[in-house]
Structures are given as structure tokens and as C-alpha cells.
Amino acid sequence: MNHVDLTIHGMTCTSCAIRIEKKLNKVDGVDATVNFATSKASVDYDKDVTTDQLLAVVDGTGYTADLPADTTNSTELTATDDPELDPETASLRQRLWISVALTIPVVLLAMVPPLQFTNWQWLSLTLASPVVIWGAWPFHVAAWKNARHGAATMDTLISVGVSAAYLWSLWALFFGAAGEPGMTMQFTLLPSQGSGADEIYLEVAAAVTVFILAGRYFEARAKVRSGAALSALLSMGAKDVAVLRTGTDDQGQPEQYEQRIPIADLVVGDEFVIRPGEKIATDGTVVEGQSAVDASMLTGEPVPIDVTIGSEVVGATVNTSGRLVVRAQRVGSDTQLAQMAKLVEDAQSGKADVQRLADRISAVFVPVVILLSLTTLAAWLLLGDSAADAFTAAVAVLIIACPCALGLATPTALLVGTGRGAQMGILIRGPQILESTRRVDTIVLDKTGTVTEGRMSLAEVVAGAGTDQDELLTLAGALEDASEHPIAAAIATGARHQSASGRLTTVEDFQNSPGLGVSGVVAGHAVAIGRREWLADEWSMPLPADLVKAADSASAQGQTPVYVGYDGQARGVLVVSDTLKETSPEAIRELRSLDLRPVLLTGDNALAAEAVAAQVGITEVIAEVMPADKVDVVKRLQDQGRVVAMVGDGVNDAPALAQADLGLAMGTGTDVAIEAADITLVRGDLRSAADAIALSRATLRTIKGNLFWAFAYNVAAIPLAAFGFLNPLIAGAAMAFSSAFVVSNSLRLRRFKSLSRS
């Protein structure tokens, strides 16, 4: 399947998005989701379908679409978070203020009888006509386009309501008694009873247009502000970079020089210079220099990170002190910044289950409202009321029922919530994740790299009787150097530091038994390193009593003993320790405050695991778990009726992250774990897990609150309008207010604070 994100132009409400989505999904091999708030269509399509076909489908629906800009070789992404610079917002603002200036005298003349001079109604017509025709022109055009394709949307309701009020007024002025000199009108909040052909509704037509324009204008501003966090993320990268090139001097000798090039021209393997205060151009490895890097704009972590030769750095972070030379490892859309932005965009383009319910309702809402309006008109006439009264009630039904709030309820909250998460270093993969966070009651924490730093170090070398300590470490270090496990890396690093040359012997016949140990031939010795039982059962190397005592002592202190045997005999114990993250105890308290039950999961021995658990305040520990068995642990907890979240960072955590009801990957972990997770915690701080769940729950509460009020508004308002208790003017104002309420309620998520700072 191929994927493309189309930018849709011309949508004015959620009904438009639903129509486009239906048309796209009717094409064989296409699975599309259209989001009104982001004006994007996320489309998966078979190889037999072309993007030109997709664009043609959108065009045939009455809208237009653009393909995304090519950013495959560019980290320069631009966006604006200033609503006044957005073309759509600027156009609406101009149309709104001109309409306001023309409408104010029309409303005053209709509402204040003393101002009604002779022939005032003709001045009202002169002022109201530009508003109804030019001001409401976008609604009329959209309604006509939809009508041509046999559809009705919110614009249909607005256009019909405004046009009906205007045309009625024209008929009353030219063919009724309303155009006679000396005509006066009384204004009431409720529709007047018993009125006839001397009533005009120019103030309704003009004022409703102004109210709807105002609603659209503030919606457009809110959409820009809602995506401000993503815009900031997109525009965070450097614009150019100083690349090191090799040339020759005047004597023909090779020399290096700096050449500043656009970021789009940077390729993998280029080495570039970053001076203090400059942004790091792209993801790479430091090959020269040392400094501290401020990654707060990307991860939310305020403390700069020390880097030196060999350290990995991320594009868009800031070099704070020394000069660095970095070799580019990832550029363009492959960088962490671009991947973060893509995750946030995908989340904002998706739909939560609650939004799909709103979409299904909106799909039939407009035709039902038109039918209700016609029914209201007929009922009033059949009951013997005047045509003016019947018309007033029917127009009020049309105007009050516009489903703006319903269409904005979910997308605006999702935009703001996921954007705020991006600012905090929390990347939510999709809107469906929000439902999972509400139900979770148990959170399983992988120990190494999650609760602890994950940077193991060799703490002690205990050699058995008759074994040379240096030889023990040399052989063990050489064997572990062939493994990628954090404990193996710690042992290899310790052995390398002891070696005078800094090199380790090559291993032959290396074998890895996942979760048990490793074996191989080093300098003619058959060496095995791993669990105590594995050495005893598989290699017939039982551990002597003195080594058992040393291992148990290390375990009791929360350290990890690793058992070494070679030449058919258990030779020693290497003690490896991992440092507890300073923030882990606070993170556990925050998770408990969210009514979550923390469980520590590790492959370490029970004594070491319980020692770490006691330090952070976890009472439930599952230790000595093989990597393949982590999935079974999650399944077992789920079988007990628990809804499980899993936090991990390693390759062996990926299956468990995928199995869990909610998977959270530490951003400092492996790509496999991050890909399997539902939420990525960029900072690698366990407190972010609590923040992620709290933010997700807050976003879901906001969505449900928005939907409740949007539904309640329409359920309560339509009967009031149908029974004649709402003047169309008041109905227009109320409709605009409902949209403003939903948007402002969603924008409150921008003020969400980390639990550790609230």
C-alpha cells in the first residue's frame, strides 16, 4: 500500500469532510480519512491507483486538493503559527469587518423604533444587500457546489436561511406594504405574532451573516493556534550549515575548509561544524570536540546533555559551549525531528471513535434539519398562523441547527492536545490511543533503561580460587564484546579499560542463547558467560560456595552478578550495576496518583529487582523473566482482567509493547520499541509516562465535554426554534457562540502542565 497526505481546499464544515471521505473510499483499493480541522486527507491506496486519480475524485466532489511538498531531502519545514498571516484568516477578517460596519446601522434601525425615519427600510436594504450578497458569498458558493453534486452541508443551511430572510424582505418591500413611507417595526426577542406582509427581515439576513462570519473567523484563528505547537516543531530546524570540504592550498597540499550550504543540500556522511549557540543541522555523530547540548525545545528536558566524540546528537538541538564537528547520519524526512512531526501530524489527522460517531450523525444531520424546517413551516401554516410567523420559525430552525460545534468538538481538542504533547516531548501515535489511556489500571515498567539509567558499569570482579583476575576479565570482556546487551557492553568496556592496548581478543564460534548467556572461543579457551543455572545445567560448571556467597551479596545490594566459566570450570563472578534514575521515585508517585498499579518487570534476579523496587516504591515485582516471556507476563495480567500499559525501551520489549493495551516507548530506546509503541516519550524520563497518560485523559475529557455540549445545544435549541421561541437573529448568535465555546474549551489544553510542576 502507498500513502499520501492531501491538503484539501474549500471545506467549510465537517459535512464537507465526510463527503470527500466517502467519495475517496468508493475508489477500489483506497482507504481514506479526511479531517476538517487539519484540512488534510490521509489516504492509503493500492499500486493500481494514482495520485492524479485521487486529486480528480476530490475535484469531482466540488473541492480541490494538493499533493504534499517534497521534503525527502530537506529538513527545512516551514509553517506559521500567527493567525493573522494565514491567507484564509485574513480573507475572513476583511469580509467580517466590512460586513460588521454595514450591519450595525441595519440592526439599530430594526431594533430601535425612534431611529426609524421615513423610508428607513430602503436604507436598510441598501446597507444589507452587500452583506447578504458579498459577505455571505462563500456560503452561497459552497451551497451551490454541493447542490450541483446532490449534497447539502452546513453552508446549505446558512445560505438558505440568509437568502430566505433577504428574499422575503424584497417581496415585502416591492410587493407588500413594507415599502410604504412611514412603515415602522417593533423588535422583540421572541418572534412577533400575527405579523404580515409589512415585516422585513433584513437585520436577520445581515446579522446572521455577520455572526456566521465571526464564527468562521475565530474558528480559522483557533485552527492556526491549535496547530501552533506542530508549526513550532516544523520550523525548528536549521536553515543552512557549515560543511567541511577538502581542497588544496597554494602549495598543492590538502586542506580542509568550511562551506556554508542550504540544509537541503546536506547528505549522509557530510561532516559539518557547529559553533556555540548554533543549532545542530541534522542527526549525527560527534567526530571532534566536546560540549553540552540543549535539547529542551525538542524533548522538554531543561538540563543540557554533555556530548563528546562518539556521542549521538539530534538535529534542531542547540550547541551551548564548545565547537563540534558532526558527521551526518540521517537527513531530511529520516531525522528524529521530521519523524516527530510526522507522528504528530498522523495523530492529528486520525479520528477517535467518538469522532466517528459525530461524523455519522453529521452525515444525516443537514437533510434532517431541512426537513424539520419545512415541517415547521407547514405546521405553522396549517395551524392558522401567518406566513410571516411560519417563515420566522422555519428560518430559526435552519440557522440554529448548523452543526459547526459538532464538527469542531473532536478535531480542535485533538489538535491542541497532541500539539501540547509534542511541546512536552510526548508523541501520541493516533487518536484511538486516547480511549486506551482512560481504561488502563496497571502499568508494567521494564527495569533497565526505564526505571534505571540503562547505562551499566562494571562494579567488581570476583575471581574464584586459583583463577587470575586479569585473565578472567580479559576473556570475559572479549566474549561479551561480541554481544549488544547493555550488561555485555559494560563488561567489555571494563575489560578494554584494563587492557594496555585498549583492544580485545577476537572471538571465534560466538553463540548467543537469548536470556541465558553467550559462549565462544577466546584465545583457545572455551568461555561461557550467563545465568548460574545455565552454566550448571548446560555447561556442567556448578558455582563454588565462595562465588555463590559473592553473587548473593551483590544481588542483595541491587547489583547484577554475571557468572563466568571457561575450560570446563566456573571461574568467577562479574558484578554489574545500573544507576537508578533520580526521577523514578517521583514518577511512581505520579503514576499512583492516576490510580495506576505499577509492576516492575525484569530479567534480573529477584533480589536485585526487589532492591530497585524498594528504592522507587514499587511493591509488585516480576523478576527473572526471559525476553520472550515478557509478552506472556502482559497476557497473564490481561487474563486477570487488568487493562495493561507497558513502558520499555529495548528490542526485547517490542512484542510486549505491542501486546499491551497501551504501549509507551522511551525515546532514548531502540527504533523497534518506538515503532511498536502507541506513545513515545522523547525525554526518556519516566515522569513523562505519567504526563502522557494525564494529558491523554485530559484530551479525551475535553473531546467528550465538547461533544456533550454540541449535542445538548442542538437537542435543546431546535425545538425552541420550531415552537417559535427563538428570533432568527438570536438563533444566529447562539449558533456562533456554540462554536466559540467548543474552540475555547479545547484551547484550554494549551495550559496543561506536567504533573511534576503542577
Side-chain angles (χ1 to χ4, degrees), residues 93-140 158-215 217 377 380 385-400 721 724-737:
R93 184 180 66 250
Q94 180 189 44
R95 201 175 293 270
L96 170 63
W97 290 122
I98 293 175
S99 297
V100 166
L102 295 172
T103 299
I104 288 175
V106 176
V107 173
L108 287 176
L109 286 170
M111 292 178 65
V112 185
L115 296 179
Q116 295 172 1
F117 55 87
T118 303
N119 291 323
W120 65 272
Q121 65 270 42
W122 298 103
L123 175 62
S124 291
L125 176 64
T126 304
L127 295 174
S129 294
V131 177
V132 172
I133 297 171
W134 175 79
W137 187 250
F139 313 134
H140 302 319
I158 297 169
S159 180
V160 170
V162 169
S163 298
Y166 183 70
L167 292 173
W168 175 279
S169 300
L170 288 180
W171 181 85
L173 285 169
F174 287 100
F175 302 103
E180 296 177 1
M183 187 276 282
T184 60
M185 270 180 28
Q186 299 294 320
F187 178 83
T188 59
L189 292 179
L190 298 179
S192 57
Q193 301 296 314
S195 56
D198 59 345
E199 289 281 352
I200 60 174
Y201 292 93
L202 293 171
E203 80 284 0
V204 171
V208 166
T209 300
V210 166
F211 287 138
I212 305 302
L213 281 173
Y217 172 62
L377 178 67
W380 278 68
D385 290 281
S386 69
D389 292 339
F391 168 79
T392 299
V395 169
V397 169
L398 282 176
I399 294 171
I400 197 70
F725 294 110
L726 277 180
N727 185 295
L729 188 66
I730 305 303
M735 194 279 288
F737 173 77

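It should be emphasised that the depicted structure is a prediction, and the values quoted were computed from it without experimental measurement.
Taking 4.5 Å as the limit, some side-chain heavy atom of Met183 sits within range of a side-chain heavy atom of Ile200. Between Val132 and Leu202 the shortest side-chain heavy-atom distance does not fall below 4.5 Å.
Taking the ring-ring contact (aromatic ring centres under 6.0 Å, His included) definition, one finds that Trp137 meets it with nothing, sequence neighbours left out. In this structure, the side-chain contact (heavy atoms from CB on, under 4.5 Å) partners of Ala206, at least two apart in sequence or on a different chain, are Thr103, Ala128, Val131. Taking Tyr166 as the reference, nothing meets the ring-ring contact (aromatic ring centres under 6.0 Å, His included) condition, with sequence neighbours excluded. For Ser99, the side chain to side chain donor-acceptor pair (under 3.5 Å) criterion is met by no residue, not counting sequence neighbours.
Among residues at least two apart or in separate chains, there is no side-chain hydrogen bond (donor to acceptor under 3.5 Å, both in side chains) pair with a member in residues 104-128.
The closest donor-acceptor contact from the side chain of His140 to the backbone of Val160 lies at 3.5 Å or more, if one exists at all.
Gly135 approaches Pro138 most closely through the heavy-atom pair O-CD, 3.5 Å. Smallest separation of non-hydrogen atoms from Val208 and Val162: CG1-CG2, 3.9 Å.
Here the CG atom belonging to Asp389 is positioned 5.5 Å from the CH2 atom belonging to Trp380, to the nearest 0.5 angstrom. Once rounded to the nearest 0.5 Å, the distance linking CZ of Arg95 with OG1 of Thr209 reads 11.0 Å. Between atom OH of residue Tyr217 and atom CH2 of residue Trp97 there is a gap of 7.5 Å, rounded to the nearest 0.5 Å. Rounded to the nearest 0.5 angstrom, Leu108 CG and Glu203 CD are separated by 11.0 Å.
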Which atom pairs, one a donor and one an acceptor, fall under 3.5 Å between side chains of residues 172-180 and the rest of the protein, sequence neighbours left out?
none

